[in-house]
Each structure stands twice: as C-alpha cells, then as structure tokens.
Novice: 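The structure that follows is given in the form of structure tokens.
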Amino acid sequence: MGKFIMKFEEITINDIALVGGKNASLGEMYTELSSKGVLVPNGFATTANAFWLFLKENCLEEPLKNLLKGLDRKNFSNLSEIGLMARELILGGSFSEDFSKALINAYSELGDNDEIAVAVRSSATAEDLPNASFAGQHDTFLNVKGREKLLHAVKECFASLYTNRVIKYREDKEFLHHEIALSVGVQKMVRSDMACSGVGFTIEPESGFKDIIHISGVWGLGENIVQGTINPDEFYVFKPTLEQGKKAIVQKKLGDKEKTMIYSESEGHSSTVNIDTDLTKQKQFVLSDIEVTTLAKWSLEIEKHYQKPMDIEWAKDGITNELFITQARPETVHHSKRKNIHIEYRLKEKSEVLAVGNAIGNGIAIGTARILKSPKESYKLQEGDIIITDVTSPDWDPLLKKAGAIVTNRGGRTSHAAIVARELGVPAIVGTNCATQGIKEGETITISCAEGKTGYVYIGALSFIEEKIDFSRIKLPHIEAKLILSDPERAFQLSFYPNDGIGLLRMEFIIARTIKVHPMALVKFDQIKDNQIRTRIEELTENYSNKEDYFVDQLAYGIATMAAAFYPKEVIVRMSDFKTNEYANLIGGDQFEPKEENPMLGFRGASRYYSDLYKDGFRLECEAIKKVRQEMGLTNVKIMIPFCRTVNEGKKVIEIMANNGLKRGENGLEIYVMSEIPSNVILAEEFAKIFDGFSIGSNDLTQLTLGIDRDSELMASIFDENDPATKKMIGLAIEKANYTGKKIGLCGQAPSDFPEYASFLVKAGIDSISFNPDALLKGIDNINKAESLRTAIAN
C-alpha cells in the first residue's frame, strides 16, 4: 500500500495525489523556500494510501458509494442526512496497528519524544487546485497535544471529507466522491493565540491588480479572520518598490478587531474561546511595518516560486515572536478572468442608505432581503434573494449559491463571505455592523458595489446601467489619454482601463473624506478653542503622538495607492485647491480661514502656500509627497500648482517646496502649473522658464476669460467652454507651450461631450487630455476620430 507517513522534508508539490494540495504546498515551501528565509513550521502528513487502507480495512468503500448514490442532486433535500451517515461510518472505523504506530512515531520525532502541541489539518487530494480551492471546507484542529488526542483528531479529519458543505462543493465542481482521498497534515503549533494571525493575497483581492500584496490580520487565532467574525487590519504592499528596498506599504487600514480567539483552560484540541479584545489593542495594528514588509517579501518569494498568484495564511508565535507561513494555495478567483473584458455597473439614481460596508466585487444587485440567523433557515431563501446575516461560515455555502447578493454585519475583505462571493461572482457587502438591524425582512433593496471599496445598501429597486467593454478592442491615440481621479478606492479597478496615467489627481477628496481635519488645526492644535472640535481631533489622531504625522500619513497613503495603481505611468498630483469656504468646512477649519465675499477669486491655490496663514499646512502636503516619492519609491508622482497668478508667485512656491524637501529636478521631480488664468497664457513663455509643463483648467480659464462666476446659477447659460474667446485662449496656451518645448494637457469634460472640441485640441497640438472615468472611453474615441481625420487631410 505504500507509505503511511511522509515528512515535510520528503514532500514536494508533485505529491498532491499522495498528500493533497495543502500538504504538498507546505512540504514544497519547507524544502524549497527555507533557504530564502521563509519560515514554515515543521511537520508531516498522512498519505492517501493510509486513507484508502482505512476504508478498505473497515469495509467502508461500498457503503459510502451506495450512500452517495441516494443523494438528491436536484434540491439536496437529504444532504444533511447523507452527510451525517457518511461521517458516522468513518468515525465508527478503527485505525490499523501499523498506521497508528507510524503516526505516533512521527509525532514523537517531531517533538523529540515530547508530547508537543500540533495543528492537525485536513488536505484532500482534489484540494487547492486552480479551479477549486476547497478553502475552509474540511476540518482543522489546533493545539492538539498527546498521542490519543492526535489519533482522534486524524479520524475527525477523515470524517470531514463528508461534511455537508464538502459534499455539496464536490457536486458543484463535478468531482467524483469515491476518487478523492483525505490526507492529514500534522504541524508544530504556532502560538498565535498569544499574538496574531491572518491571511495574505499576492494579488489585490477585489480588482485582481497583480502588483499589490494584500495582508490582513487579527489578534489571536486566525479562525476569526477566515470566518469573518471581525473586521481585521489591512495592509497593501506594492511589489515593484518592495523589490527596490523601499517602504512599500502604500495603504494601512485599522480594523476594530473586537474579538480575540484564544485556547481555553482545558486541553481539548477544539477548545477555543472568543474573548473581548482589550480596547488598547483594538486601536493598535497587529503588525509593525517591519513585520508587514517581512510577510510581503515572503509572499513574493512564494508567488515567484509557484509562478502564480497565491492565497497565504500566516501566524505569529506569541512566545518566540517569530512569524510563520502556515498555508499557501493558488488564488482561484482572478487567475482565470480575462483582464481585457470589463463589466461596468453604474447607478442611474440613489435612495436612502440602509447600510454601508466593505464592497466585494464591483456589481449591483436588486432583490428581496432575507434576514437569516443560521443555515437552518434555508427554507426562507428563494433564488435571487439577498442574504442579510451576522456572519457566514462554510456551513452557509449551499445557501450562498442561491443568493443574488450577500450582506453581513461582520467580516473583512478576506472573510468567508467575501471569498465565496468572489468565487460565485455575486456582489457582497461585509462588515456593515448593523445590516440585520437597519434592513427589514422582505423589503426590496439594491446592493451597490460599483462605487469603490465602500458598498451601499439602498432601499428600493434602483435603475442601473450594465455595460460590457472589451478593452482589447480599444486603441489608445497618439495624444495621451489620461484620467482625472480623486478617490483612492477606485484606483486599482480603474487602472485596467486603457490610459496613459493620471493627468489630474485631486488631493481634496482625500483630505475631506479620509483626513477630515484642517491641517492648521493639527499644526496649531494647542490653539483650538472649541472643546468639541478638540475631542474630535483627538479621536481621529489617537494613534499619533504627533498630530501632524496623521495628516502626512493619511495623505501619503491615498496618493501612494493611486500612484501604485498606475505605476510607472505618470501621476500628476495637484496640490490642494480648496477655497476658503471649503477649507472652513474641515474639522477645525473655521478658526483658521478668513471670511471672503468671493472665495472663487480669493485666497486659493499658490497664494496660500507661502502665506503665514497656511504655509505650515502646505509643508504637511509637501511632507506627504516627499514620503510617497522618496520613502515609498513612487517617483512617477509629479506635482502641479493650481491658480498661480504671477510668475513671481510661482518662483516663491518653487522655493518653499525646495525648502520642504521637494526640489525641482531632484530625483526626477517635475513641477507643472495649471494654465487657468489669462496671465498664465499671456506670460506662458515666462512661466515655462520655472515650470516643467502646463495643464489647462478649462473651467477656471473659461470663468476668467468670460468674467463669469462658474458657481453662479444665474450665469450658467452663458458659461461655455466652446465660446470662441475661451477656445482662442486655449489655442494660444497650446501654441506657446509647444513653442517653449513644454508639455501641455487639458482636463475637462468638453473633449468627450463634443467631438469637434476634441478635434480642435488635436489640431492645436495638445499633448494630453484627461477625462473623468465615465467619460474616458468616449473621449478616446473622439481623439482617435480626430487624429484619423487629421491624417486623412494631411495625405
């Protein structure tokens, strides 16, 4: 019958038929990657031979086959009954003396004759294949200590080959039950109950963006993260700059981590308890930046070794403080997707928001809300209904396949509900905290995951657009087609669109949505007079001893996320361009902003950056850009100065930026200026001497050319980018930029709305045009047509 036991050092990835995908991967990593610093706890695996012999000696092969023949494969009405009987058959069997002896000997050797604690994991011979992960389907037993408890755990693993969820999963994947064996991996226990654990993907799990490693973690045992019981910490690491030795963490998100799973006082192998996490630890990240970087480097080594995106589990030992990789399997959702085919969903209307959470996927679904407490309430669920529940586990899998969408109170992007939703291709919103309270049973709702990483549950059936786009058919024009972006949450998804980078990154969105606090309120926190505002700022900056660092970090993460998504294409970041009334709306802003009659033409743009009223705020903006470029290594970031009224003002800004560590030309830094004031056009040759390029802001240039407040409803009918005077001013700006050899682009809606406007810009000699995402494809089409027409005329 062959060997019953194989040590990890004897196992390679070619042994899947003998020890299953999970154990084959552990053996492969232990033998091949240890030399590269990847730590995998040592162990051994029982073989498929041992499983087949167990069935044969206990005369179980035919009874199991006959039992499965009776399964209702249409409605699975007797699934629970069949599963229970199959498991009872296996649990009633006995191990042979030879197998028991081999198992005990291997256990003794692993612990140098001590009865050490081990993790006992199931690994089916059809598991962790590219088309079927079986993730979380079979049973695992942790902290098993002692020979008798080990034998019992191994038999429980054998029986888990016939849990209800596994039977259903095999049916869905069309695997023959009697052809699959169960191997059991026995591995030295990592005491993550005393530290932390989590998962990692070597691909961004929502978009499939290949250059991000996504790591998430919780305090205690990893079951909380796998089952989605709590919202974990999340870390995004950018592969290209990780390999350059830079600080490659481009985003960090603190989860609430309300529960910590630990071992209870008893020594039983399945004895765990979920305790409330200490408030101080809830507000701490589970990993230091050094530890995140270590895990990311290991994940990259694993991906390179297997030459495919990987789904990884990690754990930290609370006794030794060492990190370990405890599992690695192929990522099964994005590997088979055609990256050129994109389905875009857009809501045409909105309504009252009932719940908000982490968006999984980018789809929209409409259906009837079914609030379910457990899988036992499956009778309530009709095909296409939307499941609303607290949290899901593998026991929910047969139900989830019928659902039109999934909404949970708890869980993060790597929770069970999120993983299954991606695999099924249905939208899900996880970690809402209150979905089961905010949504009523039986009401019609709309689930929207099409608005970035935040998902929304709306009341009623909202109309939406679904459009299938084949990006491979779209040809980029000679003139660069770029994006106008402000929301980091959409960056990875939008990076797949045909584009030449970001022509305008507005940082105001990051400041307003993520930071929320006026930078001067952080610089001069001690001068804040309002106690309520002081309290709000204290809450937001709780993890920062220096409040200024909060602004710098959060702004840097937002910009870095977008720069990474489009790397190495250029990403032009416009420094802040709030008006005084908009700055005043930030927390603490009212105290630091002057009152103006016309903020549109007042204290905005470049004038602020060297003023005593704001120069320390601008310093923080510069610190964030410096961190992105110099520490994180994202040198594709360029800077743009808005509303620069005079050449002298431009010189002042460039000087103050240099004083803040952003010297033009150093490390390839380019500084552009917005061409949005007539003075920028009239003196373009002078501006060209101190700046590296121009970007036409057509809204402001139209406003100031025609003398119209673009915010005035009374004057809206006259405001027109197509006005001959505006177009003449734009044409002159392009002509002068070309003459001085400086690049010039335009950011605006007109080239996508009006083909003739795109034609005008092409004819004038524009270098690039930037569009909002919803206008990009139409804009590209208009540019292509204009270029073709120009070529035809020239010939």
Novice: Does any donor atom in the side chain of E61 or H178 lie under 3.5 Å from an acceptor atom in the other side chain?
Specialist: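 The criterion, which ignores hydrogens and geometry beyond distance, is not satisfied for H178 and E61.
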Novice: Checking salt bridge (Lys or Arg N to Asp or Glu O under 4.0 Å) for the pair K210/E204: CA distance, chi angles, key distance, verdict?
Specialist: CA-CA 6 Å; K210 67 180 179 62; E204 203 279 312; over 6 Å; no
Novice: For S299 and L295, indicate whether the former's side chain and the latter's backbone hold a donor-acceptor pair under 3.5 Å.
Specialist: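 It does hold such a pair.
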Novice: Run the salt-bridge test on D139 and R165 with the 4.0 Å N-O cut-off and return the result as yes or no.
Specialist: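 Yes, this pair counts.
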Novice: Between E258 and K281, does any side-chain N to carboxylate O distance fall below 4.0 Å?
Specialist: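 No, no charged N to carboxylate O under 4.0 Å.
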Novice: Does K7 come within less than 4.0 Å of E109, counting only side-chain N to carboxylate O?
Specialist: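 Salt bridge between K7 and E109, a charged N being under 4.0 Å from a carboxylate O: yes.
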Novice: Taking atom NZ as the centre, does K297 end up with more than 12 heavy-atom neighbours from other residues, nucleotides or ligands that are less than 6.0 angstrom away?
Specialist: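 Not buried by this count: 12 neighbours or fewer within 6.0 Å.
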Novice: So, are K252 and D289 salt-bridged, with charged N and O less than 4.0 Å apart?
Specialist: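 Looking at K252 and D289, the cut-off is met.
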Novice: side-chain contact (heavy atoms from CB on, under 4.5 Å) for T140 and S122? Distances and angles first, verdict last.
Specialist: CA-CA 6 Å; T140 291; S122 305; 5.7 Å; no
Novice: Check whether the side chains of N409 and D390 place a donor and an acceptor atom closer than 3.5 Å, and report yes or no.
Specialist: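 D390 and N409 do have a side-chain donor-acceptor pair below 3.5 Å.
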Novice: Any chance the side chains of D72 and S77 put a donor and an acceptor closer than 3.5 Å?
Specialist: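 The answer is yes; a qualifying pair exists.
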Novice: Can E171 and H177 be said to form a side chain to side chain donor-acceptor pair (under 3.5 Å), step by step?
Specialist: CA-CA 8 Å; E171 289 288 330; H177 299 284; 2.7 Å; yes
Novice: Within 45° of the axis and under 6.0 Å from the centre of the six-membered ring of F95, does NZ or CZ of K155 qualify?
Specialist: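 Yes, K155 sits over the ring of F95.
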Novice: For the backbone of S374 and the side chain of W396, can you confirm whether one donor and one acceptor N or O come within less than 3.5 Å of each other?
Specialist: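 No; zero donor-acceptor contacts below 3.5 Å.
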Novice: Quick one: does R413's side chain have a donor or acceptor within less than 3.5 Å of a partner on A359's backbone?
Specialist: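 A pair under 3.5 Å: yes.
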Novice: If we count only N and O atoms by modelled type, under 3.5 Å, do the side chains of E156 and H152 hold a donor and an acceptor together?
Specialist: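 Yes, a side-chain donor-acceptor pair sits under 3.5 Å.
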Novice: Say whether R191 and T320, considering side chains only, have a donor N or O and an acceptor N or O under 3.5 Å apart.
Specialist: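 The criterion, which ignores hydrogens and geometry beyond distance, is not satisfied for T320 and R191.
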Novice: Identify whether NZ of Lys or CZ of Arg in R329 sits under 6.0 Å from the centre of the six-membered ring of Y306 and within 45° of that ring's axis.
Specialist: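 So R329 doesn't make the cation-pi contact.
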Novice: Consider only side-chain N and O atoms of S183 and N23, and report whether a donor and an acceptor are under 3.5 Å apart.
Specialist: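 The answer is yes; a qualifying pair exists.
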Novice: Looking at N224, N231, T277, D233, which hits side chain to side chain donor-acceptor pair (under 3.5 Å) with K257?
Specialist: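 Of all the options given, the one that passes is D233.
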Novice: Do K308 and E303 meet the salt-bridge criterion of a basic N to acidic O distance under 4.0 Å?
Specialist: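 Salt bridge absent between E303 and K308.
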Novice: Check this for me, if you would: do E291 and K316 make a salt bridge, where the nitrogen-to-carboxylate-oxygen distance has to be below 4.0 angstrom?
Specialist: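 Looking at E291 and K316, the cut-off is met.
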Novice: Does the S192 side chain pair with the main chain of A315, one donor and one acceptor, at a distance under 3.5 Å?
Specialist: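 No, S192 side chain to A315 backbone: no donor-acceptor pair under 3.5 Å.
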Novice: side-chain contact (heavy atoms from CB on, under 4.5 Å), that's the test. Do N58 and F54 meet it? Break it down for me.
Specialist: CA-CA 6 Å; N58 288 279; F54 170 78; 3.4 Å; yes
